[in-house]
Each structure stands twice: as structure tokens, then as C-alpha cells.
Amino acid sequence: MRLTLTIVLAVVAVSTSFAQQPAPQTAEQQFKNIQIFKGLPATQLEPAMAFISGSLGVQCSYCHVPNSFGKDDKPTKLTARRMIQMVFDLNKGSFKGQRAVSCFTCHRGKPTPVSVPAVGQNLWAPSPTSTPAAPLPSVKQILDRYVQALGGAKALTKVTTRSAKGSRIGADGVLVPEVVHQKAPDKILTVTSYPNVVFSNGFNGTVGWAHSSREGATPLPEQLLVQLKRDAVFYKELKTEELYTSLTVLGRASVRDADAYVIQATPVDGPVEKLFFDVGTGLLVRRYTETDTPLGKLPLQLDYENYRAVDGIKQPFLIHWSMPGRIWGRKVDEIKQNVPLDDAKFNPITTRP
Ligand code: HEC
Ligand code: HEC
């Protein structure tokens with residue numbers, strides 16, 4: 001059983017690799033007791049499970065005996081199987097096969113849905129007259145201001161390597177050492193050292209890969225490779241207009257109690273994103289995406305916090321990833337720039353456990 005919570009997290013947090021990727025397996029080939037998800041690519045089972053957990057607001061153990069995911073000994077798992085079939089049938093029968101209804105449509109983060117409408121709202125009260133919204137800046141104005149807020153294009157291009165030392169903040173709050181090395185134009189290496197296992201992943205400009213000191217090279221699903229490649233772009237702050245095929249200002253929203261401008265961004269590859277820029281500081285404070293799962297769209301949100309200047313360039317010293325039911329992160333303690341980093345450092349690790 002290679003599926004663990006860590007892998008679910010690593011996957012969404014951009015772990016990845018396709019070094020010697022085997023032919024894609026179906027769920028029933030990789031797992032023991034698949035009855036509904038037959039034919040589904042095995043890599044999509046984990047996101048589907050994360051979607052279910054987040055929709056019901058429960059942990060995996062609500063339906064599974066720990067480490068025996070194939071067993072059917074919890075009645076909730078049997079109910080869930082019926083529910084998955086019901087959702088498929090509903091969408092097929094009433095919504096032209098679109099994924100209009102999902103677990104969340106009814107469950108709203110609770111195992112037992114509420115079917116009685118709430119009191120406390122008066123739809124007949126006259127609505128307050130709203131003040132007209134202030135005009136919005138253009139995409140170019142927001143992006144130019146962002147580059148300026150970071151320290152300016154000149155300062156940014158003076159940096160060619162960056163090493164950030166700090167910790168991964170687990171969903172359980174436990175910190176483990178993590179280092180991220182980057183080199184212009186497109187190399188990245190992340191090493192996360194748990195007490196019993198070290199996870200690494202990287203992109204060397206050509207190959208994306210992931211490695212575990214326990215399992216050796218681990219496979220890298222396509223969508224994660226896309227994400228890893230994007231993370232590897234060293235001067236991405238200067239290349240927003242190259243990395244996205246379309247950019248539109250949607251309006252304003254509140255991010256951690258501050259006002260932000262929202263840009264909808266369609267990347268060259270991968271799902272549509274929303275980028276949030278703080279109205280006051282001009283800095284990027286949030287990125288939000290939704291990825292497809294067999295049951296519906298699974299949101300992932302990245303929050304960039306604690307910006308501090310290093311060599312005249314602002315960097316976030318705290319990053320949080322959130323998906324339904326789970327928050328984890330990265331805390332940076334120290335950033336060093338323009339330190340020599342050998343190209344070979346970013347190549348796939350091939351050692352076997
Ligand atoms: C609400 C119930 C429910 C929750 C919560 C849930 N699962 Fe599942 N899980 C299922 C059902 C139902 C199946 C069987 C699907 C099928 O028959 O195709 C399944 C199957 C699996 C399998 C395949 C096991 C095998 O060998 O056949 C794995 C692995 C798994 N789940 C992992 C997880 C993980 C990890 C989590 C937490 C992130 C989780 N599940 C949360 C209901 C649930
Ligand atoms: C159309 C509404 C609807 C949708 C969609 C829906 N459910 Fe449910 N679900 C219910 C209702 C209603 C109950 C409570 C039934 C009862 O109390 O007897 C329930 C109960 C459950 C339970 C049992 C809870 C318990 O503690 O006994 C599980 C597990 C569950 N649903 C899983 C899912 C999963 C997984 C999905 C998505 C694949 C899903 N449901 C989609 C309406 C829905």
C-alpha cells in the first residue's frame with residue numbers, strides 16, 4: 001500500500017516525477033477492492049478521496065480502518081459507495097452528465113446533511129442602497145505594481161540562485177526541516193526530511209522527478225509535473241503575461257481581512273487560477289485553483305504571508321496550502337541568494353532504498 005496521507009499532501013503540494021514512469025494503472029489494478037471507480041486512472045483515486053473527506057468534513061478513518069483501506073468493515077464506507085453511485089446517476093439522469101451535483105451539494109462539510117431551511121432571514125425587507133464601486137486598475141497596473149512592490153525588475157534579475165531553509169508545517173502542526181533550492185532560469189529542488197524518510201522532488205529544466213528515501217523514485221502524475229515546471233520558473237514574477245494566455249481583473253475580495261484585487265488567470269497548461277494582490281502593498285497574497293476529480297472540483301489555495309526583504313527583494317516567509325479539511329505549509333527561516341548551486345544538484349535522484 002503506497003497510498004498514505006503524506007502522499008496525498010505531497011501530491012497537492014507539488015511533489016512529482018515521471019522518471020521511469022510505468023504505463024498508467026487503473027484504480028482496480030493498483031488497489032484491492034474497487035467496485036465503483038473501475039477504469040479510473042489510479043492516480044485519481046487519492047484526489048477523489050480527498051474530495052469526499054473535505055465534502056463531509058471527516059477524516060479517512062470515518063470510512064476506513066487505518067492501513068486497511070481495501071476492507072469494507074465500516075458501514076459508512078458502504079453508504080459512501082451507494083452515495084457515489086447515486087451522484088453518478090443523478091448527474092447522468094438530470095444534469096446531462098455534467099458534474100453538477102457533488103457530495104458537497106448536500107453535505108456542506110457535515111456527515112449528515114441538513115434538509116430543513118433556516119429561519120432568521122427576511123427577504124421582504126428593502127435592500128440597502130449600495131454605493132457605486134470604485135473603478136478597478138488594469139491587469140498591467142496590478143502586475144507592474146506587484147513587481148515594484150517586490151523590489152523592481154532590476155533587483156529581481158540580479159538574483160540567479162536562491163536557497164530557502166526552513167520547515168514544512170504538517171497538517172498536524174509538526175515541523176520538519178525543508179530546503180528549497182532554485183536556479184535561473186528553470187531549476188528547482190525541494191528536500192523534506194522527516195525523521196524516518198526524506199522526500200525530494202525537482203525539475204532540472206528537462207525532467208521532473210520525485211524520490212523517497214524509502215521507496216526510491218516515485219511516479220509523477222502529469223498534472224503535478226505541470227505544477228512543478230511552473231514552480232521552477234525563476235523569474236515568474238516578471239513573466240506573468242507569458243505564463244498565462246489570458247488575464248482579466250475580476251474585482252475585489254477580502255484576503256485575511258485586507259482588500260485585494262482579483263485577477264483571473266488562464267495558464268498555458270493546467271487549471272484556471274485566481275490571483276489576489278493586496279490593494280495596500282501590491283503584493284501577491286493568494287493563489288486559488290480548482291482541479292478536476294471524478295466527483296467534482298477540488299480547490300487548492302496558496303497563501304503567501306510574512307513578506308520580508310532579502311537583498312532588496314521581498315519574499316514570502318510563510319506559505320500555507322489549504323484544501324477542504326486540511327491546511328499545511330512552509331515556514332522559511334533563512335533565504336540566501338546568488339550562492340553557487342551546481343546544475344547536477346537538480347537532476348533526478350536515482351538511489352534505491
Ligand atoms: C465517506 C467515506 C470515505 C472517506 C471519508 C474516505 N474514503 Fe476512501 N474509499 C471509500 C469508498 C466507498 C471506497 C471504495 C471505492 C470503490 O469501490 O470504487 C474507498 C476506497 C479507498 C481506497 C482503495 C482501497 C482498496 O485497496 O480498494 C483507498 C486507498 C482509499 N479509499 C483511501 C482514502 C483516504 C486516504 C482517505 C482520506 C483522505 C479516504 N479514503 C477517505 C470511502 C471513503
Ligand atoms: C442529494 C443529496 C446527497 C448527496 C449528493 C450526497 N449525499 Fe450522502 N447523505 C445524504 C443524506 C440525506 C444522508 C443522510 C441519510 C440518513 O440520515 O439516513 C447522507 C448520508 C451519508 C453518509 C452516512 C453518514 C452517517 O453518519 O451515517 C455518508 C458516508 C455519505 N452520505 C457519503 C456521501 C458521499 C461520499 C457523497 C458523494 C459521493 C454523498 N454522500 C453525496 C444526501 C446526499
Side-chain angles (χ1 to χ4, degrees), residues 1-13 15 24-118 170-172 197 199 212 215 218-219 221 224 290-301 321-328:
M1 167 63 54
R2 87 157 2 143
L3 189 137
T4 64
L5 207 60
T6 335
I7 292 180
V8 174
L9 297 186
V11 153
V12 188
S15 118
Q25 278 194 314
T26 60
E28 67 272 25
Q29 285 171 328
Q30 184 169 333
F31 301 101
K32 291 196 191 87
N33 182 14
I34 297 298
Q35 297 177 27
I36 302 263
F37 288 125
K38 283 198 173 132
L40 185 79
T43 50
Q44 285 196 31
L45 189 83
E46 287 183 42
M49 290 298 141
F51 186 91
I52 291 178
S53 294
S55 296
L56 271 65
V58 297
Q59 295 186 337
C60 316
S61 58
Y62 183 74
C63 297
H64 293 289
V65 186
N67 300 320
S68 301
F69 290 96
K71 283 194 183 153
D72 276 354
D73 39 11
K74 292 211 175 179
T76 41
K77 184 177 175 190
L78 299 176
T79 307
R81 213 179 249 136
R82 275 202 337 263
M83 292 270 162
I84 298 166
Q85 193 57 56
M86 171 191 75
V87 167
F88 286 168
D89 294 345
L90 260 175
N91 284 329
K92 199 171 160 205
S94 305
F95 299 96
K96 298 181 179 150
Q98 295 186 336
R99 269 169 274 172
V101 174
S102 82
C103 314
F104 192 75
T105 312
C106 297
H107 282 273
R108 304 267 149 185
K110 300 276 185 305
T112 316
V114 176
S115 299
V116 181
D172 52 6
V197 57
F199 289 115
S212 139
E215 296 177 46
T218 54
L224 303 176
E290 293 169 354
T291 48
D292 271 328
T293 78
L295 294 171
K297 287 188 185 297
L298 186 67
L300 175 67
Q301 182 171 291
W321 284 267
S322 319
M323 55 182 232
R326 195 174 290 161
I327 301 175
W328 67 105

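Counting convention: from 1, in listed order, for ligands and their atoms alike.
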Compare Ser55, Cys60, Ser53 and give the one whose heavy atom is closest to atom 37 (C) of ligand 1. Cys60
Run the numbers for me: atoms of ligand 1, each under 4.0 Å from some heavy atom of Gly70, listed by number. 24 (C), 25 (C), 26 (O), 27 (O)
Please state which protein non-hydrogen atom is closest to atom 22 (C) of ligand 2 and give its distance, to 0.1 Å? Thr79 CG2, 3.6 Å
Please confirm whether Met86 approaches ligand 2 to less than 4.0 Å, judged on its heavy atoms. yes
Within a distance under 4.0 Å of any heavy atom of Val87, pick out the atoms of ligand 2 and give their elements. 5 (C), 37 (C), 38 (C), 41 (C)
Taking only heavy atoms of Ile84, which atoms of ligand 2 are found under 4.0 Å from at least one of them? 38 (C)
Who's the nearest protein heavy-atom neighbour of atom 17 (O) of ligand 2, and how far? Thr112 CG2, 4.4 Å
Pair Glu215-Thr218, side-chain donor/acceptor within less than 3.5 Å: no
Enter the distance from Met323:CE to Thr291:OG1 here, rounded to the nearest 0.5 Å. 8.5 Å
Taking distance alone, with N or O pairs closer than 3.5 Å, would you say Arg81 contacts ligand 1? yes
Using a 3.5 Å cut-off on N or O atoms only, is His107 in polar contact with ligand 2? yes
Only heavy atoms count here, so choose which of Cys106, Pro113, Gly296 is nearest to atom 14 (C) of ligand 2. Pro113
Is any side-chain heavy atom of Phe88 closer than 4.5 Å to one of Ile36? yes
The reported gap from CE in Met83 to NE2 in His107 (rounded to nearest 0.5 angstrom) is 5.0 Å
For Val58, the ligand 1 atoms whose distance to one of its heavy atoms is below 4.0 Å: 5 (C)
Counting each atom of ligand 1 from 1 as listed, which ones have a heavy atom of Ile52 under 4.0 Å away? 1 (C), 3 (C), 4 (C)
Measure from the side-chain N and O atoms of Arg108 to the backbone N and O of Leu56, and report whether any donor-acceptor pair falls under 3.5 Å. no
Side chain, backbone, both or neither: Leu45 near ligand 1, heavy atoms under 4.0 Å: side chain
Atom indices of ligand 1 within 4.0 angstrom of Phe31 heavy atoms, with elements: 23 (C), 25 (C), 26 (O), 27 (O), 29 (C)
Report the member of Gln30, His64, Glu46 with the shortest heavy-atom distance to atom 30 (C) of ligand 1. His64
Side chain, backbone, both or neither: the part of Val101 lying under 4.0 Å from ligand 2 by heavy atom: side chain
Heavy-atom contacts with Phe37 under 4.0 Å: which atoms of ligand 1 show up? List them by number with element. 15 (C), 18 (O)
Any side-chain heavy-atom pair of Pro324 and Phe51 under 4.5 Å: no
Verify, without hydrogens or angle tests, whether Asn91 (side chain) and Val101 (backbone) share a donor-acceptor contact under 3.5 angstrom. yes
Under the 3.5 angstrom rule, does the side chain of Thr76 hit a backbone N or O of Tyr62 as a donor-acceptor pair? yes
State the atoms of ligand 2, each with its element, that fall below the 4.0 Å cut-off from a heavy-atom position in Ser102. 5 (C)
Compare Phe104, Phe51, Tyr62 and give the one whose heavy atom is closest to atom 24 (C) of ligand 2. Tyr62
So, 2.8 Å as the limit: is an N/O/S atom of Met83 located closer than that to atom 8 (Fe) of ligand 2? yes
Flag if over 12 foreign heavy atoms under 6.0 Å of NZ, Lys71: no
So, is Arg326 polar-close to ligand 1, with some N/O to N/O distance under 3.5 Å? no
Do Ile36 and ligand 1 have an N or O pair less than 3.5 Å apart? yes
Exam field: side chain Glu28 to backbone Gln35, donor-acceptor pair closer than 3.5 Å: no
Please could you name the atoms of ligand 1 that Asn33 approaches to less than 4.0 Å, counting only its heavy atoms? 17 (O), 25 (C), 26 (O), 27 (O)
Please check if the side chain of Gln85 supplies one atom and the backbone of Arg82 the other of a donor-acceptor pair under 3.5 Å. no
Which of the atoms in ligand 2, numbered in the order shown and given with their element, are less than 4.0 Å from a heavy-atom of Thr76? 29 (C)
Considering only heavy atoms of Gln59, which atoms of ligand 1 have at least one such atom less than 4.0 Å away? 5 (C)
All heavy atoms of Gly70 vs all of Lys77, minimum pair found to be O-NZ, 3.5 Å
Can you tell me if Cys103 has an N, O or S atom under 2.8 Å away from atom 8 (Fe) of ligand 2? no
